Every structure is written in structure tokens, then in C-alpha cells.
Amino acid sequence: MDKRVRILQVGVGARGKKWARILNEEPLAEIVGYVDLNIDNLEWVKDSYNAGSTICYTDMETALKEVQPELVLLVTPPMDRYREVMTIFEHGVHIFSEKPLSIDFEEGMKMVRASEEAKLGFAVGLNFRYQHSVVAAREIIKSGEIGAPRYAGYNYWRNRDGYAPTANRYPLFLHQAMLYDQTIHHFDQIRFVYDAEVESVMSYASNPPWSMYESDATITTFLQMTGGLEVHYFGTWSGQTKFNQFMWRTDCDNGSLFQYDLFADLRIVRGNDSDVMEKIDLPYQETLVDDARIMLHNALTQIKDGNINPEPTGVDHLKTFAVAAACEESSKTNKPVKMTDFYDMHNVPEEWR
């Protein structure tokens, strides 16, 4: 590869506009084109980044043939992602995709299998892993300084305006929008911070009468994880008032870890009888930009080094995706779901579990 990676951005909507900025500020990226069905979005990228008309497309296949990228940054709604991913791999191009891969787990597996068969890179944008608070929490847990985690509560209470100018519109009508568009991030954080896997789930999805979302906007889940860890999760996009609330608490053998903001405010209590809560110093991050910037730079570095499994990998994402899909099944049946049973039912290869 050349010093920079030739990148085609597909999707310049609400999230895509942030990605356009990140790409234009990334020294390892050479932007060779943009694709969007909406002419207004292409006009925006022309005005904002002097993108010439010759590199702005409304058809992805045409763009793939003409600009011949090395990597596609895929920032499109998940409903059509399967078709897009398969087309990109047919052109022999690496993919860095927004999450979730799909809202259909079987489609997700087919995409990952296609990447392996084509020997092409397939990274998934789980940018929450790259928040300073999440990295610090993982390091604290991994160090063992407050012992092994035993019980955790993750509460995300939000009133999300799906019609806000900076918000993607598709979640308003997405099947299980909260679960697949937001909670999937949280489940990935949980797996990442504790370096543990989910063994079983019991979940309930619901929608309050005032919700603007067509599908369930509230998820309540109990996760049993490896190492004897139990996690109680509650997440909603349809809090009744504008007073949003977040807390993630982890009780360990010799202390507790607290996070009072989704992107910051990490605190630790050392010792079982201590009444001192110490705030962890964290560098400033621009929300949903700097974490994505780090993630992209790391992935591009790996791809340039010849790594066809750049982090966060498609295979690893399947483990988070499977937890979300198992939660949907549990909510439908009102029964717990063991992940081994889920994997067996979907014929998931042992090396992907």
C-alpha cells in the first residue's frame, strides 16, 4: 500500500458528516470519493471539504469501479448493509463498517464469512471501546487492584429526540432500534471492560405509550458472564423527561468502580470499608469524534501493516451481536437464553464463539 490508504466513504448522513470530518483530518487517509443517495448530503461534502463533483456519487458500484479504493468506510443504515458489504467484497476492497452489521444475525455471519473467504479486512465501528473512561475502567479491572468483578449495574436513561437535526432518522422505524442501535454499544463496552463473555441472558423489551419510536425503545436485561459476574442492564431512549441519567457501577472483591457519565466521570473506591471515592483523571475527548478518530487510525495502521483482521474485528463484533440477538429471542419467549444454545441453533463455528 501507499503511505496513505485510499478510502471511499459510503454514507454522508448525520453520522457520516462526523466521519467526513474525521477522514479529512486523518493523515493515513486519502479520500478518493463519497457516495450518498441524497444530493443535499453530497452538496454538503462539496461545500465543507471541497470535494469535486467527479468524486461524488449516488451509486456505490460506479464509485467502486471508478475510484478503486483500498477501503470503504460504510456509514449507511443497517437494513441494507448485507447487500452493500457483499458488493464491496466482490470488488476486492477492505471494509470499515458502522455498527451493527445488520439487524439479522444470520446476515452478520454471512458477511464475516465472506470477508474471511476473500481475505479482506472487516472492522466494525465500536468506538465506545476507545473512550478514555472505558479504556481506564478496563485497565483498572484487568490490574486486579480492586479484585475480580462480581456484580454490576448499567443504567442508561435518555430522552432521545429522533427528529433532532443531528440525529439519524432511521432508528425511528428500525426493528428493535434501542437494542441494535444503542444497547449493542453498551453490551460491547461490558464485554470489553470486564474481558468476559456472556453465558446467558434474560431480557425484556418494551415501549412506553409516549415513545416516538416504532419499535421497542427500552431494554431490561440480566447477563450472566464468565467468571461468575452478574450484570443488570437497563437502557431506554424514551425517558419521559429531558433529565437524562447514566450510572455504571461494578462491585469487586475489594472495592467498587463507578461511572456517572456515558463518556466521562469515572470514580473508584478502594477497599471494602472505605468511604473515599476517588475521581480518575481522564484526558478530554470530543464526544463521538475523538474515540472514533483513535479507532480509525488504529485500524488503518493495522491494514497498512498487512493485518486483514483489524480491530475491532467482524468476528469479535459477532459475539456482541449474538448477545443482542439472544436478548431479542429472550424477550419474545419470556425465557432465558444460554449463549451455547444460541450458537448451536445458528451453527456458529467454534472459533467464532
Side-chain angles (χ1 to χ4, degrees), residues 71-72 74 78-79 81-90 92-130 134 138 175-176 179-181 183-203 221 223-227 229 231 233 295 298-299 302-303 305-330 336-353:
L71 178 140
V72 166
L74 193 56
M79 298 82 75
R81 185 120 349 116
Y82 176 74
R83 177 185 57 80
E84 294 164 342
V85 164
M86 292 306 197
T87 299
I88 294 164
F89 283 149
E90 286 171 5
V93 178
H94 302 299
I95 296 176
F96 189 106
S97 172
E98 269 286 6
K99 62 86 201 88
L101 288 183
S102 171
I103 55 173
D104 182 295
F105 184 71
E106 296 287 347
E107 286 186 350
M109 286 207 303
K110 290 177 182 177
M111 293 183 220
V112 173
R113 187 171 290 113
S115 72
E116 292 192 342
E117 290 174 352
K119 294 181 171 56
L120 290 168
F122 195 16
V124 183
L126 278 309
N127 54 295
F128 282 28
R129 290 187 179 196
Y130 295 83
V134 169
R138 177 180 166 90
H175 172 70
Q176 290 296 328
L179 179 61
Y180 288 115
D181 203 62
T183 296
I184 200 165
H185 263 309
H186 303 159
F187 286 167
D188 196 72
Q189 281 182 299
I190 289 166
R191 287 186 54 240
F192 183 73
V193 166
Y194 300 133
D195 194 18
E197 299 299 341
V198 176
E199 295 183 323
S200 71
V201 307
M202 182 69 198
S203 190
T221 300
L223 305 173
Q224 290 185 304
M225 305 188 71
T226 52
L229 173 62
V231 180
Y233 173 86
M295 176 178 60
N298 289 349
Q302 293 169 67
I303 290 171
D305 290 342
N307 182 356
I308 62 170
N309 292 299
E311 298 283 345
T313 67
V315 169
D316 188 71
H317 176 59
L318 282 181
K319 296 177 183 178
T320 300
F321 193 172
V323 174
C327 284
E328 181 180 2
E329 181 183 327
S330 175
V337 174
K338 290 185 177 179
M339 293 309 300
T340 52
D341 293 341
F342 179 89
Y343 288 137
D344 288 344
M345 181 173 64
H346 290 275
N347 297 312
V348 178
E350 286 294 332
E351 62 271 20
W352 289 0
R353 302 188 182 195

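As the structure is a prediction and not an experimental result, all values here were calculated from the model.
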Closest non-hydrogen atom pair, Tyr180 against Ala325 | OH-CA, 3.4 Å

Indicate the atoms forming the closest heavy-atom contact of Gly121 with Pro310, along with that distance.
->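 So the minimum-distance heavy-atom pair works out to CA-CD, 4.0 Å.
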
So, [X] side chain and [Y] main chain: donor-acceptor pair closer than 3.5 Å or not?
X      : Y      : result
Ser330 : Ala326 : no
Arg353 : Met339 : no
Arg138 : Arg129 : no
Thr226 : Glu197 : yes
Glu311 : Asn298 : no
Lys338 : Glu199 : no

pair [X]-[Y]: side-chain heavy atoms closer than 4.5 Å:
X      : Y      : result
Phe122 : Val85  : yes
Met109 : Val348 : yes
His185 : Asp188 : no
Val198 : Phe187 : no
Ser200 : Pro336 : no
Thr320 : Val124 : no
Val315 : Asn309 : no

Once rounded to the nearest 0.5 Å, what's the spacing between atom [atom1] of [X] and atom [atom2] of [Y]?
X      : Y      : atom1 : atom2 : result
Met79  : His175 : CE    : NE2   : 12.5 Å
Lys99  : His317 : NZ    : NE2   : 8.5 Å
Phe128 : Met295 : CZ    : CE    : 10.0 Å
Leu120 : Ile308 : CG    : CD1   : 7.5 Å

Just jot down the ring pair (Phe, Tyr, Trp, His ring centres under 6.0 Å) partners of Tyr130, sequence neighbours excluded, or say none.
->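 Partners of Tyr130 by the ring pair (Phe, Tyr, Trp, His ring centres under 6.0 Å) criterion come out as none, since no residue qualifies.
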
Listed partners of Phe192 passing ring pair (Phe, Tyr, Trp, His ring centres under 6.0 Å), at least two apart |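 Phe192 satisfies ring pair (Phe, Tyr, Trp, His ring centres under 6.0 Å) with no residue once adjacent residues are dropped.
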
Would you mind listing every side-chain hydrogen bond (donor to acceptor under 3.5 Å, both in side chains) that reaches into residues 105-117, with sequence neighbours excluded?
->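 Of all non-adjacent pairs touching residues 105-117, those that pass side-chain hydrogen bond (donor to acceptor under 3.5 Å, both in side chains) are Ser102-Glu107, Glu106-His346, Glu116-Trp352.
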
Could you label the plane-to-plane angle of the His186 and Tyr233 rings as parallel, tilted or perpendicular, counting under 30° as parallel and over 60° as perpendicular?
-> tilted

